[in-house]
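Below, all heavy atoms of this structure are taken into account, side chains as well, without hydrogens, waters or symmetry copies.
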Amino acid sequence: MSSRVFLFVLGSSRSSGNTEILARKAAEQLPGDVRQRWLHLAEHPLPDFEDLRHYSDHVRPTGDNVELLLDATLEATDIVIASPLYWYSVSAHTKRYLDHWSGWLRMSGLDFRARMAGRTLWGVTALAEEEQEVADPLIGTLNNSAAYLGMRFGGVLLGNGSKPGDVLNDEKALARAKTFFAQEPPLARYPHEAA
């Protein structure tokens with residue numbers, strides 16, 4: 001039995017958008033014994049992150065969406081950030097989720113950084129541009145976040161689509177989705193370390 005748990009963090013403002021469709025196509029290829037959990041950030045809104053590191057200790061949240069997402073994140077061996085490309089980076093919902101990682105890093109007794117080390121971060125995004133290089137800031141955000149925490153980085157599955165369902169016409173993206181999660185991702189490295 002597999003011990004892998006995939007957490008799909010859906011960062012779109014709408015459900016069943018092109019990014020989610022592409023993520024689900026990739027997830028269909030996972031073995032049946034791999035657990036999957038799907039959380040829509042729009043359905044579990046997080047408060048704005050408040051940086052208290054110089055003023056107060058962060059305490060473990062209870063009974064709210066922050067606790068839900070923290071627990072789901074810690075349970076996962078693989079975290080898939082499925083965010084549409086919004087202004088060349090991740091969505092506001094997704095950015096807020098990643099901002100909360102900063103607080104989790106400072107939570108007494110949680111050891112968030114040590115617990116995340118060695119796990120895998122993946123990305124899935126749909127963009128309206130033909131030139132995939134416009135997604136480089138989004139890819140950099142995810143790669144560098146993984147590098148900071150000592151995680152593996154599986155890269156970002158890119159698909160093209162603007163109107164609902166458009167990504168289903170992107171045959172190259174659908175073909176990549178069939179093998180995307182089959183790769184063995186390397187440890188993430190900052191760009192200056194990769195040379």
Side-chain angles (χ1 to χ4, degrees), residues 5-30 36-51 61 63-76 78-104 116 120-146 149 151 153-174 176-177 180-181:
V5 178
F6 273 69
L7 171 63
F8 290 84
V9 179
L10 304 175
S12 179
S13 298
R14 64 178 176 220
S15 62
S16 303
N18 287 303
T19 298
E20 181 179 346
I21 290 169
L22 187 57
R24 290 191 183 277
K25 289 292 184 186
E28 287 173 3
Q29 311 306 314
L30 289 169
Q36 297 180 32
R37 185 168 186 185
W38 296 75
L39 290 174
H40 288 264
L41 293 174
E43 295 174 7
H44 304 285
L46 293 168
D48 286 337
F49 174 68
E50 184 179 1
D51 186 356
D64 63 6
N65 288 330
V66 179
E67 180 187 32
L68 171 77
L69 284 155
L70 171 59
D71 290 344
T73 301
L74 291 174
E75 181 185 23
D78 296 77
I79 299 166
V80 183
I81 302 292
S83 171
L85 186 71
Y86 287 167
W87 286 103
Y88 309 103
S89 191
V90 295
S91 69
H93 291 302
T94 304
K95 180 65 169 67
R96 190 173 291 117
Y97 166 68
L98 293 174
D99 284 348
H100 276 273
W101 287 17
S102 295
W104 301 343
M116 296 302 285
T120 304
L121 185 65
W122 309 82
V124 179
T125 192
L127 54 150
E129 304 286 332
E130 293 293 329
E131 296 78 18
Q132 294 186 341
E133 295 81 10
V134 300
D136 286 351
L138 179 146
I139 296 167
T141 293
L142 298 182
N143 175 76
N144 293 346
S145 297
L149 292 175
M151 299 175 75
F153 183 54
V156 177
L157 176 60
L158 301 168
N160 186 269
S162 181
K163 293 183 298 206
D166 271 358
V167 76
L168 294 171
N169 299 319
D170 186 342
E171 294 178 12
K172 289 180 183 177
L174 295 177
R176 286 190 303 269
F180 183 61
F181 293 127

Does some side-chain heavy atom of Ser89 sit less than 4.5 Å from a side-chain heavy atom of Lys95? no

Do side-chain atoms of Ser162 reach the backbone of Ala128 as a donor and acceptor pair under 3.5 angstrom? no

Please check: side-chain N/O of Arg176 versus main-chain N/O of Leu157, any donor-acceptor pairing under 3.5 Å? no

For Ser91, does its backbone N or O pair with a side-chain atom of Ser83 as donor and acceptor, under 3.5 Å? yes

Closest non-hydrogen atoms of Phe49 and Ser102, given as atom of the first, atom of the second and distance, are CZ-CB, 3.8 Å

Is there a side-chain contact between Ile79 and Leu121, using heavy atoms and a 4.5 Å cut-off? yes

Give, for atom NE2 of His44 and atom CD of Glu67, the distance between the pair rounded to the nearest 0.5 Å. 13.0 Å

Closest contact, heavy atoms only, Ala27 versus Phe8: CB-CZ, 3.6 Å

For Ala135 and Leu158, the nearest pair of non-hydrogen atoms, with its separation, is CB-CD2, 3.9 Å

Can a donor-acceptor pair be found between the side chains of Thr94 and Tyr86 at a distance below 3.5 Å? no

Exam field: side chain His93 to backbone Leu10, donor-acceptor pair closer than 3.5 Å: no

Judged by atom type as modelled, is there a donor-acceptor pair below 3.5 Å linking the side chain of Thr19 to the main-chain atoms of Ala126? yes

Tell me the closest heavy-atom pair linking Ile81 and Tyr97, and the distance in Å. CD1-CE2, 3.7 Å

Heavy-atom count check: over 12 atoms from other residues, nucleotides or ligands less than 6.0 Å from Glu171 CD? no

Is Asn160 reaching over with its side chain to a backbone N or O of Asp170, donor-acceptor style, under 3.5 angstrom? no

The reported gap from CG in Asp71 to CZ in Arg37 (rounded to nearest 0.5 angstrom) is 8.0 Å

Using only atom types and a distance under 3.5 Å, with no angle test, would you say the side chain of Asn18 pairs donor to acceptor with the backbone of Asp166? yes

Are Glu20 and Arg24 within salt-bridge range, i.e. N to O under 4.0 Å? yes

Min side-chain heavy-atom separation Leu41-Leu69 under 4.5 Å: yes

Report yes if some heavy atom in the side chain of Thr141 is under 4.5 Å from a heavy atom in the side chain of Leu98; otherwise report no. yes

Asn65 side chain vs Pro45 backbone, donor-acceptor pair below 3.5 Å: yes

I'd like to check Met116 versus Thr73 (side-chain heavy atoms, cut-off strictly below 4.5 Å). Are they in contact? yes

Can you see which heavy atom on Ala42 is nearest to which on Ser12, and at what distance? CB-O, 3.9 Å

Worked check of side-chain contact (heavy atoms from CB on, under 4.5 Å) between Phe181 and Gln29: CA-CA 8 Å; Phe181 293 127; Gln29 311 306 314; over 6 Å; no

Residue pair Val66 / Trp104, side-chain heavy-atom distance below 4.5 Å: yes

Side-chain touch Glu75/Leu7, heavy atoms, less than 4.5 angstrom: no

When rounded to the nearest 0.5 angstrom, what is the spacing between CG in Leu30 and CZ in Phe180? 10.5 Å

Here the pair of heavy atoms bringing Leu39 nearest to Ala72 is CD1-CB, 3.8 Å

